[in-house]
Number of protein chains: 2
Amino acid sequence: MSKLPSKLPPMSAVRVFEAAARHQSFTRAAEELGMTQAAVSYQIKILEDRLGAPLFMRLPRQVTLTAKGRQLAPAVTEAFEALRTAFAGVEETVQSVLSISTLTTFAANWLVPRLGRFQHLHPNIAVQIHVSGQVVDFGQSDFDLGIRSGNGSWPGLEAHLLFPNLFTPVCSPELIRGVTLKEPSDILKFPIISPSDPWWQDWFAAAGVQDFDPSQRPDNNLGTQQFEGMAAMAGQGFALINPYFFPGDLSAGRLVQPFDLLATSERGYWLVYPKARRRSAKIEAFRDWMLSEVADDTEKTSALAQV
Amino acid sequence: MSKLPSKLPPMSAVRVFEAAARHQSFTRAAEELGMTQAAVSYQIKILEDRLGAPLFMRLPRQVTLTAKGRQLAPAVTEAFEALRTAFAGVEETVQSVLSISTLTTFAANWLVPRLGRFQHLHPNIAVQIHVSGQVVDFGQSDFDLGIRSGNGSWPGLEAHLLFPNLFTPVCSPELIRGVTLKEPSDILKFPIISPSDPWWQDWFAAAGVQDFDPSQRPDNNLGTQQFEGMAAMAGQGFALINPYFFPGDLSAGRLVQPFDLLATSERGYWLVYPKARRRSAKIEAFRDWMLSEVADDTEKTSALAQV
DNA sequence: GGCTGCCATAAGGCAGCCTTATGGATTGCC
DNA sequence: GGCAATCCATAAGGCTGCCTTATGGCAGCC
């Protein structure tokens, strides 16, 4: 008894057999598979030669399964049914689940508050957000989209700039009521939220202010712009924030920006995804939605001066 | 919700995926499938592009299934397991079941009595005999071998002559004890079994006997040579038989053949099978066995004169 | 630090697969 | 009874898809 690992015959031939057995017709099977009747005949012959026994009896105007064919057909059809179901399931999730890897700051200050609108536009796409402090590698993980900070050049990735990484001091209107801020150094007279954030140094440097010394101030670092902006709105002092993260608060006057000066880190926030998958419907949907959201923000913040 | 018939991806790629998922390794899968690692990588990429989502995460020195890959793998493996089982089963029957379509006379007088020896030689081959009065069409039925009468020329079929369709009168030695048969016409003095068989006319004609008239005799037609031979051995008269069908009885003296004259129908008994399947082990086994049986018979009946 | 193991990718060739075209065989229809 | 239609087999031919070889990158390991 030779007990070879029972190599399976060519799968393409098996697939043709499955269709032919179901239809009991080569012509019908060819239609279903989108090929010619001759190709079906060819593939069936391949399989029969491989097995060493005929699977169909060729009757005048029809084909019928032989005993071996009948022995084979139900199992094969069942197996293919299982495969069809499995692939349909995966395709379903591929189309309907969108997983995003995003930086914490961006998720909290921008993405999460707006997600409801996307869900409303695309109720059949379930969005899964994975927050991470570090940039995702699409080769080693399984995300559809990523939000990352950088210069927009990543090999193999399509990148859309959402907005530059700008920052400028803001505060509550109450904090400076009755006070006229003439120049940037006037800010030093007020409490500064998260003064140890190095970007403060950058902004003051860009403004020509020399004597800002964070070590002289209480280090109440709040960690994320979300909290810093909230503290500023509560009148606790000046926060250094990216105006793109607070377009509503700025336009509604809950936050005011006393100086047009915007510093930049030369990096920006980018939406990225593998170039190869740019045709994916859900990716297109999310990208388009995101860019339109950004466009709306840009309108609202159009009053802001550029650096 | 588009509800297309969910076309299956290329089966060859699915097969590669199944092996790769099982091994969690492209290299190992390539070994199993007898191809190169590059080919596996290529096929997996095909499938991933088709699905629009990665199935494996490429980690430094290994690959791991993604969520979608894990969703797909068990079902695919199960389906392939079913396919393997089904094909193994068919191959088993292909190798171990030999179906023969044979003429009634041949089955009764020659094949069935000897089958035991073949079974003994090849205990793992199950022989199925289908007796039919008419010749089988290998294109429209499902037999491995056929025994048929004819001139040995059938397109697409391999044919081995088993023996010519000869016939000669025989009887029990007791029937003619003490009698000397000088010429063929002497047979007319004895009872004739199945006198209405037209071959009797042929034989007497070949022997130069004119006055044989079957209508003058009781028509106790027994139908098959098997029964006719048995009747002859029982001393009931002369039977016209093919000596190849009774080699043992002739050599043991249970039947005697008074005249060397053998008439022939110019047809013979042939073993046939589709040329395309001549490599089949079971067909080779049966053919070789059958031809050796025939050779043995020819030795036993070598005393018989040719026409 | 070289070595090994694993995967990706490019280039290139071959064969397998599919198509077109034709023929045979049977059925069904006037 | 002849003609059209249906269905499958087969031959010829072309193209593309698949596989191989070769190379490179990357990480872990002695």
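Side chains included, hydrogens not; waters and symmetry mates left out as well; all remaining heavy atoms used. Protein chains get the first letters and strands the later ones, always in sequence-line order, with residue 1 at the start of each.
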Taking B/Arg58 for the side chain and B/Val63 for the main chain, is one N or O donor matched with an acceptor at less than 3.5 Å?
no

Do side-chain atoms of A/Lys282 reach the backbone of A/Ile125 as a donor and acceptor pair under 3.5 angstrom?
no

The side chain of A/Arg58 lies closest to which of these nucleotides: D/dG17, D/dA9, C/dA8?
D/dA9

Return the nearest nucleotide to the side chain of A/Ala39; candidates are C/dC17, C/dC18, D/dG17.
C/dC18

Are any of the side-chain heavy atoms of A/Trp199 and A/Asn165 separated by less than 4.5 Å?
yes

Interface residues of residues 19-29 of chain A with DNA chain D (non-hydrogen, below 4.0 angstrom):
A/Ser25, A/Phe26, A/Thr27, A/Arg28

Take atom CZ of B/Phe56 and atom C1' of C/dA8, then tell me their distance rounded to the nearest Å.
15 Å

Nucleotide C/dA8, atom P - distance to CE of B/Met57 in whole Å:
13 Å

Atom pair distance, as rounded to whole Å: CD1 in B/Ile46 and C1' in D/dT16:
12 Å

Roughly, in whole Å, what's the span from CG in A/Leu55 to P in D/dC8?
15 Å

For D/dC30, the Watson-Crick or wobble counterpart (both distances under 3.5 Å):
C/dG1

Starting at atom CD of A/Gln37, determine the distance to atom P of D/dA5, rounded to an integer number of angstrom.
18 Å

Any side-chain heavy atom of B/Asn242 sitting closer than 4.5 Å to one from B/Gln225?
yes

Of A/Pro10 and A/Ala38, whose nearest nucleotide on DNA chain C comes first from the 5' end?
A/Pro10

Round to a whole Å and report the spacing from CE of B/Met35 to P of D/dT21.
13 Å

Can you list, by residue number, the residues of residues 62-72 of chain B that have a non-hydrogen atom closer than 4.0 angstrom to DNA chain D?
none

Would you kindly give the CG-to-C1' distance between A/Leu47 and C/dC17, to the nearest whole Å?
15 Å

Test side-chain contact (heavy atoms from CB on, under 4.5 Å), reference B/Met11, set A/Leu8, A/Val14, A/Leu83, output is A/Leu83

B/Lys45 side-chain N/O to C/dT9 phosphate OP1/OP2 under 4.0 Å:
yes

Between CD1 of B/Ile44 and P of D/dC18 the distance, given in whole Å, is 13 Å

Which nucleotide, D/dT10, C/dC18, C/dC7, lies nearest any side-chain atom of A/Gln43?
C/dC18

Do A/Gln71 and B/Thr93 touch side chain to side chain, with heavy atoms closer than 4.5 Å?
yes

Please work out which of the three classes, parallel, tilted or perpendicular, describes the rings of B/Phe106 and B/Trp110, given edges at 30° and 60°.
parallel

Check the phosphate of D/dT20 against B/Thr36, side-chain N and O only, distance under 4.0 Å to OP1 or OP2. Yes or no?
yes

Stepwise ring-ring contact (aromatic ring centres under 6.0 Å, His included) check, B/Phe56 with B/Phe26
CA-CA 10 Å; B/Phe56 287 95; B/Phe26 290 3; 5.1 Å; yes

Which is it for B/His160 and B/Tyr269 under the ring-ring contact (aromatic ring centres under 6.0 Å, His included) test, yes or no, and what are the steps along the way?
CA-CA 9 Å; B/His160 300 271; B/Tyr269 285 95; over 10 Å; no

Is A/Tyr42 close enough to C/dC17 that one of its side-chain N or O atoms is under 4.0 Å from OP1 or OP2 there?
yes

Ignoring hydrogens and geometry, is there a side-chain-to-backbone donor-acceptor pair from B/Gln43 to B/Val16 under 3.5 Å?
no

